[in-house]
Amino acid sequence: MEMTISEKVQSFIQHLEVPTTNFQKNALNKLEEQDFPTSKDEYWKYTRLAKLTKNAFVQHNDPDRLNLTKYIISNDYLVVVNGYIREDLSQYSKLNWEIDFPGSDRMAENSTFNQYLTDDIFTNLNSAFFEKVVNIRIGEKKINEGPLQIIYITRGKDVIANNRLFVEAGKFSESQIIETFVSYDADNCFNNQVSEVYVHENAKLSIHKIQVESDTNSHISTEQIHQEKDSYFQINTSSLSGQLVRNNINIIVDGENCETHMNGAIVTKDNQHIDNHTFVDHKKGHCFSNENYKYVLNGKSTGVFNGRVVVEKDSQKINAYQNNGNILLSDSASINSKPELEIYADDVKCSHGSTTGQLDEQAVFYLQSRGISKSKAKNLLIMAFIEEVIEEIENKDVVNLINQELHRIHGWEL
């Protein structure tokens, strides 16, 4: 029986460019067997996509010059607008960073490209319609003292940005990457981000994500990370705005003596919805993983945290910790928290926990009695709450940008 793309998916992609390469066509063929998830799907139980999936988005290669000064925090930066790489707006040292922008068929020759990705509808949409890959290779023993910043911009109306990133951190290398997601005169845009990261033996890689897109925009990202033995990987996610934000972080720890760190600072208002799904698969023993996500929710906003850790059979001597803390600033805000542990080995130390509450009014009153305004007192308590996450970010420029955006978006007096 011949398969056809569902009417909803067909409507969603009707204005997009027809795939031309074999890689893209194969991804489009996979869409024939898929449909958009609903709340009946356990993986998407608390995140409704109807408002997003009823759209018919367009692709738009915007040639305008943009003033991005307030977002640039590194000497090396790369700009991507609506999924199209803007080398004319970018500046980076080719001595520090090996970067090129291959098409899908050329990247398909890389045995690790697309190998570990979850085969879901959004990764297949990305694979079918992305333009070029931002392909970053960090050479063996390469130590980059300064970070590379990638500034992803959405601009226009009803525009989809299918961004694709591939990072390979060579043996004994050390680097930082800053991903900054912003909007520039954007309305009802959709950022569909797919990142693949391969961390080789003894490599150390940190990624800092800052999401400050328009309150009318949606963002779904999938990060697939693969760690070899003795490697270190950290990802710090700061989600401060966006109508709908969903971050899927999947990490395969496929070597002994690895360290894995995930931190999240989420601040919402109005009707925003921010969802973080994390998955760590410990395939080998003698490893350490730690994740800590803090949510501050206001207005009628909603949050979701689903963290899953699997310790495979015979993966002994694993230390895995998971924590989710939440503060609700209004009676209408809500959080759905689901930390999970699956342990198939017997010599491990694993724990998870979740707490939800409101600001301590006595603490607010105490600060007011010391001459601090009520709004400032609340901000101080909130900052103290999320500081445990922020202090994990060693790059002070990243912290300053987060503080700048907290003031701009949420009016925090810092």
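Counting begins at 1 with the first residue of the sequence.
Surrounding NZ of Lys157 are more than 12 heavy atoms belonging to other residues, nucleotides or ligands, all under 6.0 Å away. Heavy atoms of other residues, nucleotides or ligands lying less than 6.0 angstrom from CD of Glu342 number more than 12.
Inspection of the Asn236 and His208 side chains reveals an N or O donor paired with an N or O acceptor under 3.5 Å. Between Asn324 and Asn326, the side chains place a donor N or O and an acceptor N or O closer than 3.5 Å (distance only, hydrogens not considered). Side-chain contact of Asp120 with Thr118: a donor-acceptor pair under 3.5 Å is absent, judged by distance alone. For the residue pair Asn144 and Trp97, no side-chain donor N or O sits within less than 3.5 Å of a side-chain acceptor on the partner. Thr216 and Ser214 share a donor-acceptor pair across their side chains, judged by distance under 3.5 Å alone. At a cut-off of 3.5 Å, with distance as the only test, a side-chain donor of Thr278 or Glu291 sits close to an acceptor on the other residue. Side-chain N/O atoms of Asp100 and Asn135 include a donor and acceptor closer than 3.5 Å. No donor-acceptor contact under 3.5 angstrom links the side chains of Thr123 and Thr222, judged on distance only. Side chains of Asn163 and Asn192: no donor on one and acceptor on the other come within 3.5 Å. Using a 3.5 Å distance cut-off with no hydrogens or angles, the side chains of Ser354 and Ser337 do pair a donor with an acceptor. Using modelled atom types, one finds a donor on one side chain and an acceptor on the other under 3.5 Å when comparing His277 with Asn306.
Between the side chain of Tyr295 and the main chain of Val304, a donor-acceptor pair closer than 3.5 Å is present. Not a single donor-acceptor pair under 3.5 Å links the side chain of Glu201 to the backbone N or O of Phe172. Between the side chain of Asn395 and the backbone N or O of Val398, at least one donor-acceptor pair lies under 3.5 Å. For Gln34 (side chain) and Asp119 (main-chain N/O), a donor-acceptor pair under 3.5 Å exists by modelled atom type.
For the pair Ile150/Ile136, a side-chain contact is recorded, criterion being any heavy-atom separation below 4.5 Å from C-beta on. Contact of the Leu329 side chain with the Ile382 side chain is registered, since non-hydrogen atoms from C-beta on lie closer than 4.5 Å. In this structure, the side chains of Ile235 and Phe233 come closer than 4.5 Å at one or more pairs of heavy atoms. The closest side-chain heavy-atom distance from Gln149 to Ile73 is below 4.5 Å. Inter-residue side-chain proximity for Val399 and Ile390 is flagged as met; some heavy-atom pair is nearer than 4.5 Å. Leu367 places a side-chain heavy atom less than 4.5 Å from the side chain of Leu381. Using a 4.5 Å heavy-atom threshold, the side chains of Ile335 and Thr302 count as separate. Taking 4.5 Å as the limit, some side-chain heavy atom of Glu213 sits within range of a side-chain heavy atom of Asn191.
Evaluation of the ring pair (Phe, Tyr, Trp, His ring centres under 6.0 Å) rule for Tyr116 yields His226 as partners, not counting sequence neighbours. Under the ring pair (Phe, Tyr, Trp, His ring centres under 6.0 Å) criterion, His261 pairs with Tyr232, Phe288, sequence neighbours left out. In this structure Phe23 satisfies the side chain to side chain contact (heavy atoms under 4.5 Å, CB included) test together with Thr21, Ser104, Asp105, Ala108, Phe113, Asn114, Ser127, Phe130, Arg164, sequence neighbours excluded.
Closest heavy-atom contact between Val267 and Gln272: O-OE1, 4.1 Å. When all heavy atoms of Gln243 and Asp215 are compared, the closest pair comes out as CB-O, 3.1 Å. Summarising the geometry of Ser173 relative to Ile143, their closest heavy-atom pair is C-CD1, 4.4 Å, with the distance given to 0.1 Å. Closest non-hydrogen pair, Ala333 versus Leu297, comes out as CB-O, 3.7 Å. For the residue pair Ala203 and Ala169, the shortest heavy atom distance occurs at CB-O, 3.8 Å. Taking both residues in full, the closest heavy atoms of Met383 and Trp412 are given as SD-CZ3, 3.2 Å, listed atom of the first, atom of the second, then distance.
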Exercise. Between Ser289 and His282, does a side-chain hydrogen bond (donor to acceptor under 3.5 Å, both in side chains) hold up when you go through it step by step?
Worked result: CA-CA 9 Å; Ser289 68; His282 283 287; 2.9 Å; yes

For this session: Would you please test Asn292 and Asn263 for side-chain hydrogen bond (donor to acceptor under 3.5 Å, both in side chains) and show each step?
Result: CA-CA 5 Å; Asn292 190 14; Asn263 302 291; 5.1 Å; no

Exercise. Passes side-chain hydrogen bond (donor to acceptor under 3.5 Å, both in side chains), His352 versus Glu340? Steps please.
Worked result: CA-CA 7 Å; His352 62 172; Glu340 300 177 70; over 6 Å; no

Exercise. Which is it for Asn61 and Asn82 under the side-chain hydrogen bond (donor to acceptor under 3.5 Å, both in side chains) test, yes or no, and what are the steps along the way?
Worked result: CA-CA 7 Å; Asn61 188 357; Asn82 293 341; over 6 Å; no

For this session: Determine, step by step, whether Glu259 and Lys204 satisfy the salt bridge (Lys or Arg N to Asp or Glu O under 4.0 Å) criterion, reporting the C-alpha distance in whole Å, the side-chain angles of both residues, the deciding distance to 0.1 Å, and the verdict.
Result: CA-CA 9 Å; Glu259 272 194 54; Lys204 182 177 181 180; over 6 Å; no

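Aromatic rings from Tyr198 and Phe166 are positioned such that their centres are separated by 6.0 Å or more. Taking the six-membered ring for Trp and the full ring otherwise, the centers of His15 and Phe57 sit at least 6.0 Å from each other.
Looking at Asp254 and Lys284, a side-chain N of the basic residue comes within less than 4.0 Å of a carboxylate O on the acidic one, giving a salt bridge. Salt bridge absent: Glu98 and Lys142 never bring a charged side-chain N and a carboxylate O closer than 4.0 Å.
Phe190 and Phe12 have perpendicular rings, their planes meeting at more than 60° on a 0 to 90° scale where under 30° would count as parallel.
The cationic atom of Arg246 (NZ for Lys, CZ for Arg) lies less than 6.0 Å from the six-membered ring centre of Tyr43 and within 45° of the ring axis. A cation-pi arrangement is found for Lys294 relative to Phe385, the charged atom lying closer than 6.0 Å to the ring centre and inside a 45° cone about the ring normal.
Note that the OG atom of Ser175 and the CG atom of Leu205 stand 6.5 Å from one another [nearest 0.5 Å].
Screening Leu49, Asp275, Val245, Asn247 for a side-chain contact (heavy atoms from CB on, under 4.5 Å) with Ile220, the sole residue that qualifies is Leu49. Exactly one of Ile249, Thr237, Val197 qualifies for a side-chain contact (heavy atoms from CB on, under 4.5 Å) with Ile207. That residue is Val197.
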